[in-house]
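Keep in mind the model is a prediction, meaning the values are calculated, not measured.
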Amino acid sequence: MTTTAPSPTERPVPRWALRLARALPLLALPVCLWRLPYAFNYTMGWREQTDNGPWLGVPYVFGLSVLTELAALATLALVRPWGETFSARLPRVGGRRVPPAVVLVPAALFSLGLLGLAADWVLTEFRVIDPGVGYTNGWWRALATTVSGLFVLSWAPIVTALTVAYYVRRRRGAPGLSR
C-alpha cells in the first residue's frame, strides 16, 4: 500500500512523489554549481581551452543554470494544486480544473528529452560515441562523471515516474465524480 501525504490536491499525492518532486531542485544544484567556473574560463580539467569572453560565457552559463533550476521547479506542478486547478485570482478561468493534457504533454515531452539526454550521456561515458572533450587527468574526469551522471541519470526516471503518477492520479478523477 502506498502512503499518501496530506495534500490540497484533488486526489492524494503519493508520499514518494512529493519527496522526489521536492528533491529535484536540490539534485540539480550540484550541476548548476559545477558549471559556474566555466563562465569564467576555468576549464576544470578540460583539455580544450576556450575563451568565449565574459560577455558570452557568463550569461550563457548562468542562464543555463537558472533554466535548469526552473525546469526542476516546474516539475512541482505534477504534485501541487497549481498543476490541477487554475488560480482563483485569474479573472476568466479562476478555480477551473487544468485539463490534464496541459500538464501531461509538456511533462511527457520533457521526460522523453531527459531520457534521450541520459542515453547520450551513457553512450558518451562508455565511449560508444565520440566523447568530444578529454580531461587532463582521471580525477577531473571522475568528478565530472559523478556530478553530471548523478544528475542526468536520476532526473530522467524521476520526471518519468512523476509524470506517470500525475497521469494515474488525474485519470481517476475527482472523488465523488462518476465517469
Side-chain angles (χ1 to χ4, degrees), residues 2 4-5 7 9 11-39 43-46 48 50 56-84 98-135 140-172:
T2 302
T4 57
S7 170
T9 57
R11 304 291 277 176
V13 176
R15 222 177 265 283
W16 63 265
L18 195 57
R19 286 182 180 153
L20 283 177
R22 287 179 178 165
L24 213 48
L26 295 174
L27 189 62
L29 195 57
V31 171
C32 293
L33 294 175
W34 170 259
R35 282 188 203 122
L36 294 181
Y38 291 107
T43 59
M44 298 186 339
W46 272 19
E48 294 179 15
T50 58
L56 179 63
V58 173
Y60 172 74
V61 171
F62 278 89
L64 188 59
S65 294
V66 167
L67 286 175
T68 301
E69 282 297 327
L70 287 175
L73 288 168
T75 58
L76 288 171
L78 298 168
V79 296
R80 302 299 304 156
W82 48 272
E84 296 180 0
V98 173
V102 170
V103 176
L104 281 172
V105 170
L109 291 174
F110 187 59
S111 176
L112 286 173
L114 289 173
L115 288 170
L117 185 64
D120 178 62
W121 184 89
V122 168
L123 293 174
T124 302
E125 281 304 312
F126 291 105
R127 313 245 190 242
V128 175
I129 59 176
D130 181 31
V133 176
Y135 289 92
W140 279 115
R141 187 179 190 308
L143 184 60
T145 300
T146 303
V147 169
S148 64
L150 173 69
F151 175 63
V152 170
L153 293 180
S154 60
W155 202 12
I158 288 173
V159 173
T160 303
L162 290 173
T163 303
V164 171
Y166 179 88
Y167 171 76
V168 168
R169 205 173 71 249
R170 290 298 302 265
R171 181 151 172 98
R172 290 182 187 154

(message) Ignoring hydrogens, what is the shortest heavy-atom contact between Ser154 and Pro157? Give both atom names and the distance.
(response) O-CD, 3.4 Å
(request) Return each pair, listed once, that meets ring-ring contact (aromatic ring centres under 6.0 Å, His included) where at least one residue sits in residues 109-128; pairs must be two or more places apart or across chains. (result) Phe110-Trp155
(request) For Leu78 and Leu162, work out which heavy atoms get closest and say how close. (result) CD1-CB, 3.7 Å
(message) Applying side-chain contact (heavy atoms from CB on, under 4.5 Å), can you list everything that pairs with Leu36, at least two apart in sequence or on another chain?
(response) Leu33, Val61, Phe62, Ser65
(request) Enter the distance from Leu109:CG to Leu104:CG here, rounded to the nearest 0.5 Å. (result) 10.5 Å
(message) Can you give me the closest heavy-atom contact between Ala165 and Trp16, atom names plus distance?
(response) CB-CH2, 3.8 Å
(request) Provide the closest heavy-atom pair for Val31 versus Phe151 in the form atom of the first, atom of the second, distance. (result) CG2-CB, 3.2 Å
(message) Looking at Arg169 and Pro14, would you say the former's side chain and the latter's main chain have a donor-acceptor pair under 3.5 Å?
(response) no
(request) Please name the pair of heavy atoms, one in Pro106 and one in Ala101, separated by the smallest distance, quoted to 0.1 Å. (result) CD-O, 3.8 Å
(request) Please report the shortest heavy-atom distance between Ala142 and Thr146, naming the atom on each side. (result) O-OG1, 2.7 Å
(request) Quick one: pull up CZ in Arg80 and CG in Leu73 and give me the separation to the nearest 0.5 Å. (result) 12.5 Å
(request) Only counting residues at least two apart or in another chain, list the ones meeting side chain to side chain donor-acceptor pair (under 3.5 Å) with Thr68. (result) Arg35
(message) If you apply the rule side chain to side chain contact (heavy atoms under 4.5 Å, CB included), what do you find for Leu20 with Thr75, and how did you get there?
(response) CA-CA 10 Å; Leu20 283 177; Thr75 58; over 6 Å; no
(message) What verdict does the side chain to side chain contact (heavy atoms under 4.5 Å, CB included) test give for Arg11 and Arg170, after you've listed the backbone C-alpha separation in whole Å, the side-chain angles of each residue and the deciding distance to 0.1 Å?
(response) CA-CA 8 Å; Arg11 304 291 277 176; Arg170 290 298 302 265; over 6 Å; no
(request) Please lay out, stage by stage, how Tyr166 and Val79 fare under the test side chain to side chain contact (heavy atoms under 4.5 Å, CB included). (result) CA-CA 7 Å; Tyr166 179 88; Val79 296; over 6 Å; no
(request) Let me see the working for Leu27 and Ile158 under side chain to side chain contact (heavy atoms under 4.5 Å, CB included), right down to the final yes or no. (result) CA-CA 11 Å; Leu27 189 62; Ile158 288 173; 4.0 Å; yes
(request) Please answer whether the main-chain N or O of Val159 pairs with a side-chain N or O of Thr163 as donor and acceptor at a distance below 3.5 Å. (result) yes
